[in-house]
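Okay, so here's the structure we're looking at.
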Amino acid sequence: MRKQRSPWTKKQQLIFGMTVLVVTVIASITAMLVVATKPYVDAEKQVIAIAKSKADIRTVSEFNIYNGQATYYGLLGKSSKGEKLALIVSKDSGVVDIYKQSDGISKSVAEKAAKAYGAKKISYVHLGKYKKTPIWELKSGTKYFLVDFISGQVIKVEGL
């Protein structure tokens with residue numbers, strides 16, 4: 001009696017099975033990333049449209065989301081006249097606050113202020129609003145530093 005031979009060797013079956021597994025994992029991760037970034041992309045598009053209509057923003061250099069006591073969208077850009085502007089848009093009310101970037105401090109100045117209060121490596125800097133004050137939120141390790149956008153003073157340190 002002859003032994004019936006499988007069309008694939010065990011090694012080929014193993015390689016095929018591993019390939020299917022890897023492709024499935026990559027496809028799943030890609031799908032999760034697309035779903036996870038959609039709300040961010042949608043918010044960015046909406047805020048840019050608001051910025052174009054309310055502040056004549058023509059180019060956007062930065063967009064971020066600040067989640068403090070409330071959620072705010074921060075946007076930096078230039079108007080059609082070349083003026084650098086900073087916009088803070090309330091997610092809940094849609095109220096838009098418009099500031100000239102020259103009337104506030106830069107991200108690098110905010111980083112220096114936070115470092116004077118003990119911040120080490122800064123993970124990110126976001127534009128937002130704390131109570132009625134426009135702020136830069138800086139994350140360093142497990143701490144968040146809220147720096148007044150206008151005065152440059154650290155107004156609050158949160159975290160562990």
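One-based numbering along the sequence shown.
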(request) Measure the shortest side-chain to side-chain distance between Leu87 and Leu85 over non-hydrogen atoms and say whether it is less than 4.5 angstrom. (result) yes

(message) Restricting to non-hydrogen atoms, name the atom on Pro134 and the atom on Ile88 that form the minimum distance, rounded to 0.1 Å.
(response) CB-CD1, 3.7 Å

(request) Identify the two heavy atoms, one from Leu75 and one from Ala51, that lie closest to each other, and give their separation to 0.1 Å. (result) CD2-CB, 4.0 Å

(request) Quick one: pull up CD in Glu83 and OG in Ser102 and give me the separation to the nearest 0.5 Å. (result) 7.0 Å

Let me check something: any side-chain donor-acceptor pairs from residues 120-127 under 3.5 Å, sequence neighbours excluded? List them with distances.
from: Tyr124; atom 1: OH; to: Glu137; atom 2: OE1; distance (Å): 3.4
from: His126; atom 1: ND1; to: Ile65; atom 2: O; distance (Å): 3.2

(message) Quick check: do Phe63 and Val47 have side-chain heavy atoms less than 4.5 Å from each other?
(response) yes

(request) Taking side chain to side chain contact (heavy atoms under 4.5 Å, CB included) as the test, write out the residues that go with Lys78, two or more places apart. (result) Thr59, Lys84

(request) Decide, yes or no, whether a salt bridge links Lys143 with Glu158 under the criterion of side-chain N to carboxylate O below 4.0 Å. (result) no

(message) Assigning hydrophobic clusters by single linkage (Ile, Leu, Val, Met, Phe, Trp, Tyr; side-chain heavy-atom cutoff under 4.5 Å), is Val157 placed with Tyr130?
(response) yes

(message) Please report the interatomic distance CD1(Ile15) to NZ(Lys10), rounded to the nearest 0.5 Å.
(response) 14.0 Å

(message) As an exercise, state the distance from CD1 of Ile150 to CG of Asp103, rounded to the nearest 0.5 Å.
(response) 6.0 Å

(request) Go through the structure and list residues passing side chain to side chain contact (heavy atoms under 4.5 Å, CB included) with Ser61, not counting sequence neighbours. (result) Leu76

(request) Sequence neighbours left out, what passes side chain to side chain contact (heavy atoms under 4.5 Å, CB included) with Ala113? Give chain and number order. (result) Val147, Val154

(message) Looking at every heavy atom in both Gly118 and Phe145, which two are closest together, and how far apart are they?
(response) C-CZ, 4.2 Å

(message) Checking side-chain polar atoms at under 3.5 Å, does Ser80 have a donor or acceptor matched by the opposite partner on Asp56?
(response) yes

(request) State, to 0.1 Å, how close Gly77 and Ile57 come at their nearest heavy-atom pair, and which atoms those are. (result) C-CD1, 3.9 Å

(request) Using the test ring-ring contact (aromatic ring centres under 6.0 Å, His included), find all partners of Phe149 that sit at least two apart in sequence or belong to another chain. (result) Tyr99, Trp136

(message) I'd like to know if the side chain of Thr24 and the backbone of Val20 have a donor-acceptor N/O pair within less than 3.5 Å.
(response) yes

(request) Could you tell me which non-hydrogen atom of Ala55 sits nearest to which non-hydrogen atom of Ser79, and how far apart they are? (result) O-CB, 4.1 Å

(request) Determine, stepwise, if the pair Glu111 / Leu138 fulfils side chain to side chain contact (heavy atoms under 4.5 Å, CB included). (result) CA-CA 7 Å; Glu111 287 180 12; Leu138 298 92; 3.6 Å; yes

(message) If we ignore hydrogens and angles and just use 3.5 Å, is the side chain of Ser53 paired with the main-chain N or O of Ile50 as donor and acceptor?
(response) yes

(message) I'd like to check the ring-ring contact (aromatic ring centres under 6.0 Å, His included) partners of Tyr117; sequence neighbours left out, ordered by chain and number.
(response) none

(message) To check you understand the geometry: which heavy-atom pair defines the closest contact between Tyr66 and Lys129, and what is its length?
(response) CE2-O, 3.2 Å

(request) Measure the spacing between CD1 of Ile135 and OH of Tyr72 and express it to the nearest 0.5 Å. (result) 9.5 Å

(message) Can you confirm whether Lys91 sits close enough to Tyr73 that some side-chain heavy atom of one is under 4.5 Å from a side-chain heavy atom of the other?
(response) yes

